[in-house]
There are 2 protein chains.
Amino acid sequence: MTVQPAREHRRTRQRAAVDEVLDETADFISAQELHALLRARGAGVGLATVYRTLQTLADDGRVDVLRSDAGEAVYRRCAREEHHHHLVCRSCGATVEIAGPTVERWAKSVADQHGYADVSHTLEIFGTCPRCAA
Amino acid sequence: MTVQPAREHRRTRQRAAVDEVLDETADFISAQELHALLRARGAGVGLATVYRTLQTLADDGRVDVLRSDAGEAVYRRCAREEHHHHLVCRSCGATVEIAGPTVERWAKSVADQHGYADVSHTLEIFGTCPRCAA
DNA sequence: ATCAAGACTGACAACCATTGTCAAAACCTC
DNA sequence: GAGGTTTTGACAATGGTTGTCAGTCTTGAT
Ligand SMILES: [Zn+2]
Ligand SMILES: [Zn+2]
Ligand SMILES: [Zn+2]
Ligand SMILES: [Zn+2]
């Protein structure tokens, strides 16, 4: 019995294109925006494919997802893959990655106190970045 | 020139009905669910009106809003109107209101350090409540 | 009580992000 | 190259939410 190589996803032109945009984009971006970008730069990719690719990346923890004020899902390739949070500019989307060890412990302890198990949490900070503060 | 009394919203049967359901419901509930509830108990209210009413209540800070995993907006009348957060059961929706003074200060300080102004944040803790832990 | 002004309602259409469909295309292994 | 699997993409379908607008209801004033 041979050890099966971890079945990775295939590398296709479409996935490479999505990956490239994510690497070049510092801010959170929606699937629709990403799709428009790709179309604009010639390397067209089907909208459904963009959604599927982002979904997969998110499942694999290779991109972070959060919901904009409008409820639209937005994606970002973060420098660190470990758990962290974000300080996001409401106006231009400029993002700073944040670590908060104290908050992590606090959240866990609060959940424990109330007997909640299998705990997770969401935490994002929004504001107006220096460049957008006219 | 007489001083105008603060123009409040009008009191209508529909808004009273929505209010009543919110007071009776301990868990976060979606607009669609609330609409179905009202219809079921006879006091029918138009779906658009339910949405508008919840929107208004949220704007006035009279109900809390957050997004379910599915991206659907869910609403809840909380005991305290001051800023707070929630510990929510992923399975049954049972909710505990949480205050986190330390987190509040931390969030503000992080934003300040990066020059972000007009700061707000979202923070919710999810888990499985004691009753749902089979 | 009556009335006018305008806030509110609701059935329905419109929107729009996201997902489902499925035949064609790309890819991999033998 | 053949056969089997994965991926793609145009299009339809879904579903929450908002827009429309004529008719209804509240309210404050008469
Ligand atoms: Zn900015
Ligand atoms: Zn965290
Ligand atoms: Zn529960
Ligand atoms: Zn807070």
Side-chain angles (χ1 to χ4, degrees), chain A residues 1-21 28-60 62-76 93, chain B residues 1-21 28-60 62-76 93:
Chain A
M1 183 196 298
T2 60
V3 175
Q4 294 290 356
R7 180 180 298 280
E8 301 194 354
H9 305 127
R10 289 184 179 169
R11 249 175 278 114
T12 66
R13 172 183 70 77
Q14 291 84 345
R15 285 173 187 171
V18 169
D19 241 63
E20 194 179 349
V21 171
F28 277 92
I29 185 177
S30 73
Q32 304 273 355
E33 288 169 335
L34 207 163
H35 176 246
L37 259 182
L38 287 172
R39 171 166 294 185
R41 73 169 59 177
V45 175
L47 180 56
T49 300
V50 171
Y51 272 104
R52 277 186 301 241
T53 303
L54 288 172
Q55 185 84 59
T56 302
L57 287 172
D59 289 346
D60 294 355
R62 307 260 289 287
V63 294
D64 278 15
V65 192
L66 60 84
R67 299 216 166 246
S68 70
D69 287 340
E72 196 179 7
V74 287
Y75 306 82
R76 180 178 193 268
Chain B
M1 181 195 302
T2 59
V3 176
Q4 294 291 356
R7 181 179 296 282
E8 301 196 353
H9 304 129
R10 291 183 176 173
R11 259 173 278 115
T12 67
R13 172 183 70 79
Q14 291 85 343
R15 285 174 187 171
V18 170
D19 241 60
E20 195 179 347
V21 171
F28 277 94
I29 186 177
S30 73
Q32 306 270 356
E33 287 169 335
L34 207 162
H35 175 246
L37 261 182
L38 287 172
R39 171 165 294 185
R41 73 169 60 176
V45 175
L47 180 57
T49 300
V50 172
Y51 272 104
R52 279 185 298 241
T53 303
L54 288 172
Q55 186 86 59
T56 302
L57 289 172
D59 289 347
D60 294 355
R62 307 260 289 288
V63 295
D64 279 14
V65 193
L66 59 83
R67 300 217 165 246
S68 71
D69 286 341
E72 197 178 6
V74 287
Y75 306 81
R76 180 178 193 270

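Every chain is numbered from 1, with letters handed out A, B, ... down the list of sequences.
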Q) Has A/Thr12 got a side-chain N or O lying under 4.0 Å from the OP1 or OP2 atom of D/dT8? A) yes
Q) Base, sugar-phosphate, or nothing for B/Ala70, non-hydrogen atoms under 4.0 angstrom? A) nothing
Q: Between B/Glu72 and B/Arg10, name the one whose nearest nucleotide on DNA chain D is closer to the 5' end.
A: B/Glu72
Q | B/Asp59 CG to D/dT18 P, straight-line distance once rounded to whole Å | A | 10 Å
Q) Taking atom C1' of D/dA10 as reference, at what distance in whole Å does atom NE2 of A/His35 sit? A) 10 Å
Q: Would you check if B/Thr56 and B/His9 make a side-chain contact, meaning some heavy-atom pair closer than 4.5 Å?
A: yes
Q.
So A/Thr49, base contact, sugar-phosphate only, or nothing? Heavy-atom distance under 4.0 Å.
A. base
Q | B/Val45 side chain near B/Thr53 side chain, heavy-atom distance below 4.5 Å | A | no
Q) At under 4.0 Å, does any side-chain N or O of A/Tyr51 touch on OP1 or OP2 of C/dT18? A) yes
Q: Would you check, one step at a time, whether the test side-chain contact (heavy atoms from CB on, under 4.5 Å) holds for B/Tyr51 with B/Gln32?
A: CA-CA 9 Å; B/Tyr51 272 104; B/Gln32 306 270 356; 3.0 Å; yes
Q | N or O in side chain of A/Arg52 less than 4.0 angstrom from D/dT7 OP1/OP2 | A | no
Q) Just checking A/Glu33: base, sugar-phosphate only, or nothing, at a heavy-atom cut-off of under 4.0 Å? A) nothing
Q. Do the non-hydrogen side-chain atoms of B/Phe28 and B/Leu66 ever get within less than 4.5 Å of each other?
A. yes
Q.
At less than 4.0 Å, is any side-chain N or O atom of A/Gln14 found next to OP1 or OP2 of D/dT7? Yes or no.
A. no
Q: Determine the contact category for A/Arg11: base if any of its heavy atoms lies under 4.0 Å from a base atom, sugar-phosphate if only primed atoms, P, OP1 or OP2 are that close, otherwise nothing.
A: nothing
Q) How many Å lie between CG on A/Leu54 and C1' on C/dA17, as a whole number? A) 13 Å
Q.
Between C1' on D/dT18 and CD on B/Gln55, what's the gap in Å once rounded to a whole number?
A. 9 Å
Q. Between C/dC15 atom C1' and A/Gln32 atom CD, what is the distance in whole Å?
A. 12 Å
Q. Just how far, in rounded Å, is P of D/dG9 from CZ of A/Arg39?
A. 11 Å
Q. Between the base of D/dG16 and the side chain of B/Arg67, is there any donor-acceptor pair under 3.5 Å?
A. no
Q: In whole angstrom, give the distance that lies between atom CG of A/Leu47 and atom P of D/dA12.
A: 14 Å
(Q) Taking only side-chain N and O atoms of A/Arg15, does any of them lie within less than 4.0 angstrom of OP1 or OP2 on D/dT8? (A) yes
Q | Of A/Gly71 and B/Thr53, the one whose closest DNA chain C nucleotide lies more 5' | A | B/Thr53
**Q.** B/His35 side chain vs B/Gly46 backbone, donor-acceptor pair below 3.5 Å
**A.** no
